[in-house]
Structures are given as structure tokens and as C-alpha cells.
Amino acid sequence: MLAIYASAYFNQFLLDALRTRGALAPTIGGVFVVAAAAVLAYLVRSRPGPWEVALLFAGAGAYLLLLRHLDIIQERIHLLEYGAVGGLFYGALLARWPDATAAARPPWQRAPALAAILLATAAGWGDELVQGLLPNRHYDLRDVLTNAEAAALLVLVLAVRRRLRATLPARASG
């Protein structure tokens with residue numbers, strides 16, 4: 001998060017340079033292609049089952065719908081950026097509380113997906129607050145919502161995928 005906050009001022013110069021050269025849309029499109037290829041490579045290695053594939057297609061479709069409502073091209077990066085932030089929070093919380101269903105744990109430890117979404121939303125809001133303080137950026141509540149949507153979508157896909165991986169083999173054998 002420190003890297004995101006610290007780069008907020010300087011990112012605008014990069015975006016302006018790309019826009020001036022007519023390279024902003026192709027660059028952002030390229031970033032999405034690289035991200036999609038990385039996800040695809042990871043998925044092929046993890047050998048997803050048919051329900052996981054269906055879930056991932058549904059998640060990809062939801063991301064495409066989110067992309068469509070973002071008219072300002074550079075705002076599309078928020079989907080990757082805060083999806084990744086939410087996913088990292090979720091992974092960290094799972095590593096910290098591996099048995100998230102233990103009844104003796106406090107509620108936030110029993111719901112790592114919800115905690116990750118809330119943390120990523122707070123981080124995204126913090127990003128917008130930082131931008132509101134900068135002379136070359138501005139605060140936009142719509143970006144806060146986009147950050148939260150991106151985090152929630154990826155965290156929910158990861159949580160459902162984790163659940164599928166935990167329950168489907170048991171159902172198939174039992």
C-alpha cells in the first residue's frame with residue numbers, strides 16, 4: 001500500500017505522457033492482456049475442475065462488465081490494482097488464520113473474505129484521500145467504489161474457489 005500511495009503523484013506524469021503519445025489505451029490494454037495470461041497460466045498449472053472453470057468465467061464476465069462502466073481509460077487499472085490488493089489481504093488473512101471456521105475465534109477471524117474486502121476498501125479509500133491532497137490529482141468517490149468492487153469481486157472468486165476445492169473432492173468420493 002505504501003508503494004501505491006507513494007506513487008500517486010508520479011503516476012499522473014506517466015499517464016499524461018502515454019496519453020500525449022496516444023499510447024494510454026494500448027498500454028492499459030496490454031497490462032490487462034499480460035494479467036489475463038498470468039492468471040490463465042496459473043490456472044492451467046492448478047488443474048481447475050469444471051465448477052472452478054465456470055466460476056472463473058463468471059468472474060471474468062463480471063470484470064468485463066465493470067470495465068464497461070469505466071469511461072476514463074486509466075480508471076480501469078483500479079480493477080487490477082485493488083483486485084490484487086484484496087487478493088493479497090485475503091491470502092495474508094488465510095495464512096494468519098488457517099482454520100477460519102473455528103467457533104472460538106473472533107468474528108473477523110472467522111470471515112477472512114469479508115475482512116479482506118473491508119481492508120482493501122479502506123486501503124482504496126486511503127488512496128483516494130491521498131490523491132485529494134495532491135495538486136495534480138483529485139479525490140473521487142466513484143474511484144473508492146470501483147476499488148471496493150474490484151477487491152470484492154476477486155476476493156469472492158478466491159473464497160468460492162477455495163470452498164469448491166475443499167468440498168468437491170469430498171462429495172465425489174462420498
Side-chain angles (χ1 to χ4, degrees), residues 1-94 113 116-128 130-131 134 136-162 164-165:
M1 288 313 310
L2 182 60
I4 291 172
Y5 292 175
S7 66
Y9 180 77
F10 302 102
N11 283 343
Q12 191 61 46
F13 298 122
L14 174 62
L15 293 171
D16 290 342
L18 289 169
R19 186 178 296 109
T20 302
R21 291 168 178 76
L24 183 60
T27 301
I28 290 177
V31 169
F32 272 90
V33 168
V34 169
V39 168
L40 186 61
Y42 171 77
L43 291 174
V44 167
R45 287 180 49 106
S46 69
R47 300 177 187 232
W51 286 106
E52 287 178 85
V53 171
L55 169 69
L56 297 169
F57 272 111
Y63 264 105
L64 289 174
L65 290 174
L66 288 175
L67 272 174
R68 288 186 54 167
H69 92 274
L70 295 173
D71 297 327
I72 300 171
I73 193 81
Q74 69 260 19
E75 288 182 352
R76 295 176 178 182
I77 288 296
H78 289 257
L79 296 178
L80 293 177
E81 184 178 26
Y82 281 93
V85 168
L88 290 171
F89 274 127
Y90 182 62
L93 291 172
L94 287 177
I117 291 168
L118 293 174
L119 287 168
T121 298
W125 201 341
D127 185 14
E128 288 303 311
V130 167
Q131 290 180 38
L134 299 173
N136 65 341
R137 303 298 295 266
H138 67 277
Y139 175 86
D140 189 347
L141 199 53
R142 290 173 301 172
D143 286 351
V144 175
L145 178 61
T146 300
N147 297 344
E149 290 170 338
L153 181 55
L154 185 65
V155 170
L156 290 174
V157 167
L158 291 173
V160 171
R161 183 173 187 254
R162 180 173 181 256
L164 284 172
R165 286 198 158 236

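If you're wondering where the values come from, they're calculated on a predicted model, not measured in any experiment.
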Would you call Leu93 and Leu119 a side-chain contact if the rule is heavy atoms closer than 4.5 Å?
yes

What pair of heavy atoms forms the shortest contact from Ala123 to Met1, and how long is it?
CB-CE, 3.4 Å

Considering all heavy atoms of both residues, which atom of Leu158 and which atom of Gly87 are nearest to each other, and what is their separation?
CD1-CA, 3.8 Å

Any non-hydrogen side-chain atom of Leu79 less than 4.5 Å from a side-chain atom of Leu70?
yes

Side-chain heavy-atom pair Thr146, Leu66 within 4.5 angstrom cut-off:
no

Run through Asp127, Asp143, Thr121 and flag the one making a side chain to side chain donor-acceptor pair (under 3.5 Å) with Tyr82.
Asp127

With a 4.5 Å heavy-atom cut-off, do Asp140 and Glu75 have their side chains touching?
yes

What's the spacing between Arg19 CZ and Thr27 OG1 if we round to 0.5 Å?
11.5 Å

Trace of the side chain to side chain contact (heavy atoms under 4.5 Å, CB included) decision for Gln74 with Asn11:
CA-CA 10 Å; Gln74 69 260 19; Asn11 283 343; over 6 Å; no

Gap between atom CD1 of Ile77 and atom CG of Leu15 - 0.5 Å precision
8.5 Å

As an exercise, state the distance from CG of Leu64 to CZ of Phe32, rounded to the nearest 0.5 Å.
9.0 Å

Here the pair of heavy atoms bringing Arg47 nearest to Arg165 is O-NH2, 3.5 Å

My understanding is that only one of Val157, Leu154, Leu80 makes a side chain to side chain contact (heavy atoms under 4.5 Å, CB included) with Tyr63; could you say which?
Leu154

Hey, are the side chains of Val85 and Ile4 touching, using non-hydrogen atoms and a 4.5 Å cut-off?
yes

What is the distance from atom CD of Glu52 to atom OG of Ser46, rounded to the nearest 0.5 Å?
6.0 Å

The side chain to side chain donor-acceptor pair (under 3.5 Å) partner of Asn147 among Glu81, Arg142, His78 is His78

Closer than 3.5 angstrom, by distance alone: can the side chain of Tyr90 be matched with the main-chain N or O of Leu156 as a donor-acceptor pair?
no

Classify the ring geometry between Tyr9 and Phe13 as parallel (under 30°), tilted (30 to 60°) or perpendicular (over 60°).
perpendicular

Testing the basics here: between Ala113 and Ala159, what is the closest heavy-atom pair and its distance to 0.1 Å?
CB-CB, 4.0 Å

Are any side-chain N or O atoms of Arg161 and backbone N or O atoms of Leu55, one a donor and one an acceptor, separated by less than 3.5 Å?
no

On a heavy-atom basis, which atom in Gly86 and which in Ala151 lie closest, and how many Å separate them?
CA-CB, 4.1 Å

With a 6.0 Å cut-off (strictly less than), is the heavy-atom count around OH of Tyr5, excluding the residue itself, greater than 12?
yes

Looking at side-chain heavy atoms only, is the closest gap between Gln131 and Tyr139 below 4.5 Å?
no

Please answer whether the main-chain N or O of Ile28 pairs with a side-chain N or O of Arg76 as donor and acceptor at a distance below 3.5 Å.
no

